[in-house]
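Atoms considered below: every heavy atom in the structure, side chains included; atoms not considered: hydrogens, waters and symmetry mates.
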Amino acid sequence: MSYVFNPAPQVSVPVVGRAERFPVRRIYCVGRNYVEHAKEMGFTGREAPFFFFKPADACVVVPAGETGTIRYPSLTRDLHHEIELVACIGTGGKNIKAADARKHIFGYAVGLDMTRRDLQGEQKKLGRPWEIGKSFEESAPIGPVVPAAQAGDIENAEIWLQVNGKDRQRSTVSKLIWNIGEIIEHLSTAWELAPGDLIFTGTPEGVAAVVAGDTLVGGVSGLPELRVRVA
């Protein structure tokens, strides 16, 4: 098969303990999925889950022990960090029940949902889609994938982020409003999940701005830390 130009290379993430890499297909993100974060964004209660997308090439893949680099994006003066547990789908399906969701997860990783908060806020006021605030280049840094069997008690893991060595976000995955199984159940009723899909499961409270020169270090217990510098 020939193309009118060379296609982009497949985005992939290293897998801890394996030579094979995890190929990325789609990136689904869950909005406002920790109670305290929902409150700091002006919302309360267990609202119905909602989702948005990032392109696969928004990933900045950071190997274990290394520091990745993201460029401060255009158009914004208010770039925010959002640390997240990422569920990596290994077996696809539609209308997956929450009780069966674990069978579809290959592994887990630590991710950042970088957000142009001022642009997102402008679109919210106008009742327009958020893509300009969420779905831009280098907006989804991600660390290595740990196979599910090696990730430990992920649903009770601590999740945290430091900026320049100081705590910004700290919580536990158990505080998700919609847990991982429920997220997969809801997602798979609207879209057919497939191997290679990443699900950013939501961020806890403490989101705030970063500037060029800042170093972000985040983690989820049992997974390699994610280190990123803003250029």
Side-chain angles (χ1 to χ4, degrees), residues 1 3 7-16 18 20-34 38 46-61 82-115 120 123 128-151 154-155 157 159 173 176-203 220 223:
M1 182 181 294
Y3 301 93
Q10 169 69 56
V11 177
S12 65
V13 184
V15 178
V16 172
R18 296 178 62 163
E20 302 95 337
R21 296 175 68 91
F22 184 92
V24 179
R25 190 183 82 114
R26 293 178 181 170
I27 301 175
Y28 298 93
C29 301
V30 188
R32 296 196 297 262
N33 201 28
Y34 284 81
R46 195 176 195 240
E47 60 187 325
F50 64 95
F51 309 96
F52 57 91
F53 286 85
K54 290 178 182 276
D57 63 4
C59 285
V60 175
V61 179
E82 299 191 8
I83 192 70
E84 311 213 3
L85 170 67
V86 182
C88 309
I89 298 298
T91 304
K94 193 165 177 62
N95 299 315
I96 299 166
K97 297 300 182 185
D100 299 324
R102 283 182 174 271
K103 301 174 186 176
H104 295 262
I105 298 172
F106 172 81
Y108 300 94
V110 180
L112 278 164
D113 166 18
M114 302 305 294
T115 302
Q120 183 193 28
Q123 299 309 302
R128 295 175 179 172
W130 297 356
E131 273 77 4
I132 196 169
K134 288 287 192 179
S135 304
F136 53 94
E137 292 86 353
E138 301 181 353
S139 62
I142 187 169
V145 177
V146 175
Q150 302 169 27
I154 201 71
E155 295 199 2
I159 181 170
V173 176
L176 283 169
I177 296 172
W178 298 94
N179 66 36
I180 297 167
E182 292 168 330
I183 291 168
I184 289 174
E185 180 173 299
H186 281 279
L187 264 178
S188 67
T189 62
W191 297 278
E192 184 169 359
L193 298 180
D197 288 342
L198 301 178
I199 303 173
F200 281 59
T201 58
T203 196
V220 173
L223 308 180

Shortest non-hydrogen separation from [X] to [Y] and the atoms involved:
| X | Y | result |
| --- | --- | --- |
| Ile83 | Ile159 | O-CD1, 3.9 Å |
| Val220 | Ala157 | CG1-CB, 3.7 Å |
| Ile154 | Ile180 | CG2-CD1, 4.4 Å |
| Asn33 | Gly202 | CB-CA, 4.2 Å |
| Thr115 | Gln120 | CG2-OE1, 3.7 Å |
| Cys59 | Val11 | CB-CG1, 3.9 Å |

In Å and rounded to the nearest 0.5 Å, what is the [atom1] to [atom2] distance from [X] to [Y]?
| X | Y | atom1 | atom2 | answer |
| --- | --- | --- | --- | --- |
| Phe50 | Arg32 | CZ | CZ | 3.5 Å |
| Asp113 | Ile142 | CG | CD1 | 12.0 Å |
| Leu85 | Thr201 | CG | OG1 | 4.0 Å |
| His104 | Leu187 | NE2 | CG | 12.5 Å |
| Thr91 | Arg102 | OG1 | CZ | 14.5 Å |
| Ile199 | Ile183 | CD1 | CD1 | 7.0 Å |

Can you check whether [X] reaches [Y] side chain to side chain, under 4.5 Å on heavy atoms?
| X | Y | answer |
| --- | --- | --- |
| Glu82 | Phe200 | no |
| Glu185 | Trp178 | no |
| Arg21 | Val61 | yes |
| Leu198 | Ile89 | no |
| Leu176 | Tyr34 | yes |

Is it the case that the side chain of [X] and the backbone of [Y] share a donor-acceptor pair, with hydrogens and angles ignored and the cut-off at 3.5 Å?
| X | Y | value |
| --- | --- | --- |
| Glu182 | Asn179 | yes |
| Lys54 | Ala140 | no |
| Gln10 | Val24 | yes |
| Ser139 | Ser135 | no |
| Glu192 | Gly93 | no |

Phe136 vs Met114, side chain to side chain contact (heavy atoms under 4.5 Å, CB included): CA-CA, chis, key distance, verdict: CA-CA 9 Å; Phe136 53 94; Met114 302 305 294; 4.2 Å; yes

Electrostatic pair Asp100:Lys97 at N-O distance under 4.0 angstrom: no

Working for side chain to side chain contact (heavy atoms under 4.5 Å, CB included), residues Phe51 and Val30: CA-CA 5 Å; Phe51 309 96; Val30 188; 3.8 Å; yes

Heavy-atom neighbours of Lys94 NZ exceed 12 at 6.0 Å: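 Enclosed: over 12 neighbouring heavy atoms sit under 6.0 Å from NZ of Lys94.
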
Glu137, CD: over 12 other non-hydrogen atoms inside 6.0 angstrom: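 It does not: Glu137 CD has 12 such atoms or fewer within range.
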
Ring centres under 6.0 angstrom apart (Tyr28, Phe53): yes

Option from Val145, Val146, Asp197 for which side chain to side chain contact (heavy atoms under 4.5 Å, CB included) with Cys88 holds: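 Result for side chain to side chain contact (heavy atoms under 4.5 Å, CB included) with Cys88: Val145.
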
